[in-house]
2 protein chains.
Amino acid sequence: MSQDDYIKEKESIIIQAARKRFAHYGFSKVTMDEIAGDVEMGKASLYYYFPTKEDLFRSVILQEQNELKKNIELILEEHSSASEKLQEFVEQRMKFFKVLINLGTLSVHSYFDIKSLFKKLFSDFEEVELNFIKKIIDEGKANNEFSSDLTEDSALIFLHILQGLRCRVLRWTKGQNLDEETHESLQKEMKTATEYFINGIRKK
Amino acid sequence: MSQDDYIKEKESIIIQAARKRFAHYGFSKVTMDEIAGDVEMGKASLYYYFPTKEDLFRSVILQEQNELKKNIELILEEHSSASEKLQEFVEQRMKFFKVLINLGTLSVHSYFDIKSLFKKLFSDFEEVELNFIKKIIDEGKANNEFSSDLTEDSALIFLHILQGLRCRVLRWTKGQNLDEETHESLQKEMKTATEYFINGIRKK
DNA sequence: TTTCGACTGTTTTACTTGATGGGTCGAAAT
DNA sequence: ATTTCGACCCATCAAGTAAAACAGTCGAAA
């Protein structure tokens, strides 16, 4: 094993430990000492691998985002219709956000912890999502599935609808985590909204 | 002028004064003394007309809601298509929320002031909005404008999409008030989303 | 019937203080 | 040379507290 791989693995172990803690208690309620304890190191050692606590958290989120990214890429490669791809995209996305909510990243209460701090992280990923949607829409236009006179920002509006539906539900959330029932009804709502959207842009 | 009208007018004057204050400073930053001062009365006198501060604020909101209600009712009476009515509904609704945002009722920061306190007030009005949408959709179904196999909750999903788009924008708002630019792009977004929705439920 | 001055008891605020926890550094271990 | 850590620093936060501000009351006056 190369030196480089050794470091990567150590980092990965730390990220896993951090992920567990953050998922349970949220960013601000977790101390570096605790995470260090979990991986049986001194706190100072963590700072050998991650320059700040924020960076560690960022890495946790980044890992999750990459997970989703991979899943979405798989969808694109399938040979199904653009409509089906869009539906599957929405489903994967929901699964992803269920994790993020448990990570305490999205709830109203941890919102103030995070705001500007991770805004960039999320807006970068929004770009990624947007490109996926655009790709699917272009595909749909190419094979005459969708109307050809769609503007550039159809994808953006669709993304905003999805974001909005989630945001709306989160707003009335008391604790950190959405209960199973609410999550399910949100899922259903997104699915139906997606159906309407697809119908709305479908070639006549 | 009857005694009753006299009271109504006094109340109205107080509500107007309160509205101004609340719009500028938000619920918790306004004192009853200040409002009393504005209408040149003692604070105790306000309590002759309104049992609590909350009730006064409630009245302010209620007045705005009734304004919107009247406007929407006018829309229903027009003899335009259901699609056009839905678009106009969205437009009126936007105008209304611009006022509410200025009233500090909707911003993330005043959210904690208000939460459960006015939840009922808003969920009651949601019922009203929902009925308008349902009526429009039924009308569209009746004259073969919209698909006849729409379920009961198409209206609900549409309302949630609108709520979501607004909610999403509000989330990243710093101060109390949305700037003009953001408001305008939100308006455009809602308009386009409505178009897609209408297209999505339109009879094929 | 309507207004208000003078009160009351609770809630906020402003301030203090002690502890917590993010981050550093130089030395020790490997 | 790379990795670990004990000991330390200092900004931030939590708990406690005392004083002020405020919602709401009451009895009397207009």
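Convention: sequence-line order gives letters A, B, ...; per-chain numbering from 1.
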Between B/S83 and B/R202, does any side-chain donor sit less than 3.5 Å from a side-chain acceptor? yes
Ignoring backbone atoms, test whether A/Y48 places a side-chain nitrogen or oxygen under 4.0 Å from the OP1 or OP2 oxygen of D/dT3. yes
Close N or O pairs between protein and nucleotides 20-28 of chain C (under 3.5 Å):
residue	atom	partner	partner atom	Å
C/dG22	OP1	A/V30	O	3.2
C/dG22	OP1	A/K53	NZ	3.1
C/dG22	OP2	A/M32	N	2.9
C/dG22	N7	A/K43	NZ	2.8
C/dG23	OP2	A/Y47	OH	3.2
C/dG23	OP2	A/K53	N	2.7
C/dG23	N7	A/K43	NZ	3.1
C/dG23	O6	A/K43	NZ	2.7

Give a yes or no answer on whether the side chain of B/K53 reaches the backbone of B/V30 with a donor-acceptor pair at less than 3.5 Å. yes
Which part of the nucleic acid, if any, lies within reach of B/Y49 when heavy atoms closer than 4.0 Å are counted: base, sugar-phosphate only, or nothing? sugar-phosphate
In whole Å, I'd like the distance from the CG atom of A/L46 to the C1' atom of D/dT4. 11 Å
For the residue pair B/F57 and B/F22, categorise the inter-ring angle as parallel (less than 30°), tilted (30 to 60°) or perpendicular (more than 60°). perpendicular
So does A/E152 have more than 12 non-hydrogen atoms from other groups sitting under 6.0 Å from CD? no
Nucleotide nearest B/M41 when distance is taken to its side chain, options C/dT3, C/dT2, D/dT4: C/dT3
Counting Watson-Crick and G-U wobble pairs only, both distances under 3.5 Å, name the nucleotide matched with D/dT25, or none. C/dA6
Would the number of heavy atoms belonging to other residues, nucleotides or ligands and lying under 6.0 Å from NZ of A/K141 be above 12? yes
Can you check the A/F50 CZ to D/dT4 C1' distance for me, whole Å? 16 Å
Let me know the distance between CD of A/E40 and C1' of D/dT3, rounded to the nearest Å. 17 Å
Can you list, pair by pair, the side-chain donor-acceptor contacts under 3.5 Å of residues 66-74 of chain A, counting residues two or more places apart and other chains?
residue	atom	partner	partner atom	Å
A/N66	ND2	A/L62	O	3.4
A/N71	ND2	A/Q92	OE1	3.3

Give the rounded distance in Å between these two atoms: CD of B/E9 and C1' of C/dT2. 15 Å
Under 4.0 Å from OP1 or OP2 of C/dT2: is there any side-chain N or O of B/S45 that close? no
Rounded to whole Å, please give me the gap between CD1 in A/I7 and C1' in D/dT4. 13 Å
